[in-house]
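Naming convention: chains lettered A, B, ... in sequence-line order (proteins, then strands); numbering from 1 in each chain.
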There are 2 protein chains.
Amino acid sequence: MKPATIRDVAERADVSVASVSRVLNGAGPVTEATRMRVLEAVEALQYVPHSGARSLSTSRTNTIGVILPDLYGEYFSELIRGMDVAARARGYHLIVSSSHDSADEASAAIRSMRGRVDGMIVLSPHVGAANLASGLAGRTPILLMNGGADVERPSIVIDNHGGAVAAVEHLVALGRTRIVHIAGPTGNLDAEARMAGYMEAMARAGLPPRVVEGAFTKASGHEAGESLAAAAERPDAVFAANDNMAVGAMLALQDAGLRVPEDIAIVGFDDIPLVSLVRPALTTLKINIAETGKRALQRLVGSIESAGEVAAAACEVVRPELVIRPSSVAATTPANRYARHRSLATAGEAISKGEHPDDQV
Amino acid sequence: MKPATIRDVAERADVSVASVSRVLNGAGPVTEATRMRVLEAVEALQYVPHSGARSLSTSRTNTIGVILPDLYGEYFSELIRGMDVAARARGYHLIVSSSHDSADEASAAIRSMRGRVDGMIVLSPHVGAANLASGLAGRTPILLMNGGADVERPSIVIDNHGGAVAAVEHLVALGRTRIVHIAGPTGNLDAEARMAGYMEAMARAGLPPRVVEGAFTKASGHEAGESLAAAAERPDAVFAANDNMAVGAMLALQDAGLRVPEDIAIVGFDDIPLVSLVRPALTTLKINIAETGKRALQRLVGSIESAGEVAAAACEVVRPELVIRPSSVAATTPANRYARHRSLATAGEAISKGEHPDDQV
DNA sequence: CTGTTAGCGCTTTCAC
DNA sequence: GTGAAAGCGCTAACAG
């Protein structure tokens, strides 16, 4: 008892498969009479077109693939959410593939998507432009989001350098002088650009740079925080390469008895939803993550549908915005309990405003 | 300059397409000689099989669809992460579809997956067993995770009732008597079961129930918290139907000047990563979310590959585990600063242990 | 307006 | 061992 095919429908409606196809796709002329007959047959047979077969003949899958290095944390889920919204609005499906530990795995994943997607968005830092150029994806349109400003192909990059500079300048303006950077993993282009921005801004401010390693994870931030707390010369500010590490570091520092921001100010990067829920809420460089994902998908679909026209193979830059929260600037009122209230109010506000529209189980 | 097809490879290797297929699939006998020739041609032509076409002839897509109501927050991202891990381990792709506001939309999404997936995991609360039964998905194997313990078809459900009872009993054991429940959205089976558990446990304890509405979102929890803080008779404990609402409520209550857990204890449900990062960390009913997602995928794939054998159409139950954190039980030491330390240490511990393996940008 | 037919790219009997 | 050919389900010319 297999599902009905277009042929079954044609038979039952006593028309040709072509007519059925026409009716179903709203393409081509059809009498109202046949139209009805077809629809009735479709109904009776519970017919649903086989999209795989359709793809084969149209060579369009209405699916776009997303290659991620990982699926942990809010950064990626926000990104996917944005993409999903845009995709569904344009009638596309999303096929996600993550956890590629090596360049080989990522390549394999990309390859395995051929014939399955109309284009893909690639975030894997392992996948260099070289890999892609080597025909990995064949003629499949690709949009890069892996931090490398690639002038040759469509991509979206964050202005990491500018963001980092803004972070440091903010801390310097606050009078902090011993500003440490918790770096992201080496090899990650976003991480490296943030570090470069930090170095440059520090140099410009005439301050000695100090970098401790991190891996973009909360755990690595926590470790970094512990080492800083135990260090001989304690910093008075931390600029972490992403929010996860900033949160991890903050917990470790607080754990060590330091007050944030009085003893040590903290600035993160990304503005994941989490940062406005921790205490104190984190100052960070805000990227509208979901919006960026949405934008990425729109651009990709645009270039797919314009089918090779002006491919607008440009590199779009997203400029993060400094959002100041209590982790760097204590409330204006000196009294400590007021500071606390201030911080809570801030977070509360973010929530009720629906800034991060929220989760459902 | 279109991508090479199997025919191109056959031509170049001077063999038949059948042989190419055999070599590539490792099926059927082939001389080492032709084998080499084929592989060489594949290499030269950068040939990658068109999975769409393969699907059409094998009627297997190696893709499973995931229908979600939403994509907000950590619950779903953790779930997807678990599924993705399991999927990739078994050679499957994941196609996600979310944001279905209505039953119709969800149905359409399910239907549009026909011919595209080998099976699907459905979480949309809108999709009742009835809809599914009416052939929506045709013969496509489905695994339900929408809270309804459906004995007739494969599903995974959380023991919401038991979890809720455990939550209330925990609070009662702590001596709390004015325990309020922040409920999830009506119509959501998980939410309703949690509420029922709450009611039963309260009755059993001889305590008057008191329920305030919520919607599983942080914002709704925040609102609920505000109303509770302003209420005439202030509760001394809150059991929220999920962690998001618990966190939202906690922020509102703290905002209103209440101390957690001294003035009011809070218990959530789910154990999303976030809850061990807020202050105080939240007591909650832990579901190993990623693990559950992994399990769901494994079961589905199992039933797909056993192709109708003992379909094990059972309803599997996941029992949440009460994890006690400082939001319900203050540290043993009376001094306040110690309590603070305790709470931080707890969270720090969770991080460094890699309980929530973490994010990368 | 409608039916016929030729593929889309691959797998898979079934002969040779 | 290998090749020829028949589809998988659908769309898209091209005739009628």
How close do Y47(A) and I6(A) get, counting heavy atoms only, and between which atoms?
CE1-N, 3.5 Å

What closest approach, in Å, do M83(B) and G293(B) show between heavy atoms, and which atom pair accounts for it?
CG-O, 3.3 Å

Mind checking the [atom1]-[atom2] spacing from [X] to [Y]? Nearest 0.5 Å is all I need.
{"X": "L300(A)", "Y": "T140(A)", "atom1": "CG", "atom2": "OG1", "result": "10.0 Å"}
{"X": "E291(A)", "Y": "R81(A)", "atom1": "CD", "atom2": "CZ", "result": "10.0 Å"}
{"X": "D70(B)", "Y": "Y72(B)", "atom1": "CG", "atom2": "OH", "result": "6.5 Å"}

Answer yes or no: does atom CZ of R35(B) have more than 12 heavy-atom neighbours from other residues, nucleotides or ligands under 6.0 Å?
no

Side-chain donor-acceptor pair present, N62(B), R116(A), cut-off under 3.5 Å
no

Residues 86-98 of chain A vs side chain to side chain donor-acceptor pair (under 3.5 Å), sequence neighbours excluded, gives R60(A)-Y92(A), R88(A)-H100(B), Y92(A)-E305(A), H93(A)-S112(B), S97(A)-H100(A), S98(A)-D84(B)

Which residue pairs pass the side chain to side chain donor-acceptor pair (under 3.5 Å) test when at least one of the two sits in residues 36-45 of chain B, sequence neighbours left out?
none

Residues touching DNA chain C, which here means a heavy atom under 4.0 Å, drawn from residues 29-40 of chain A
P29(A), V30(A), T31(A), T34(A)

Return the set of residues passing side-chain hydrogen bond (donor to acceptor under 3.5 Å, both in side chains) with D14(B) (not counting sequence neighbours), or none when no residue passes.
none

Going 5' to 3' along DNA chain C, which nucleotides are the first and last within contact of chain B (any atom under 4.0 Å from a heavy atom)?
dC8(C) to dT12(C)

Reading nucleotides 10-16 of chain D 5' to 3', which nucleotides get B (base under 4.0 Å from a protein heavy atom), which S (sugar-phosphate only), which -?
BBBB---

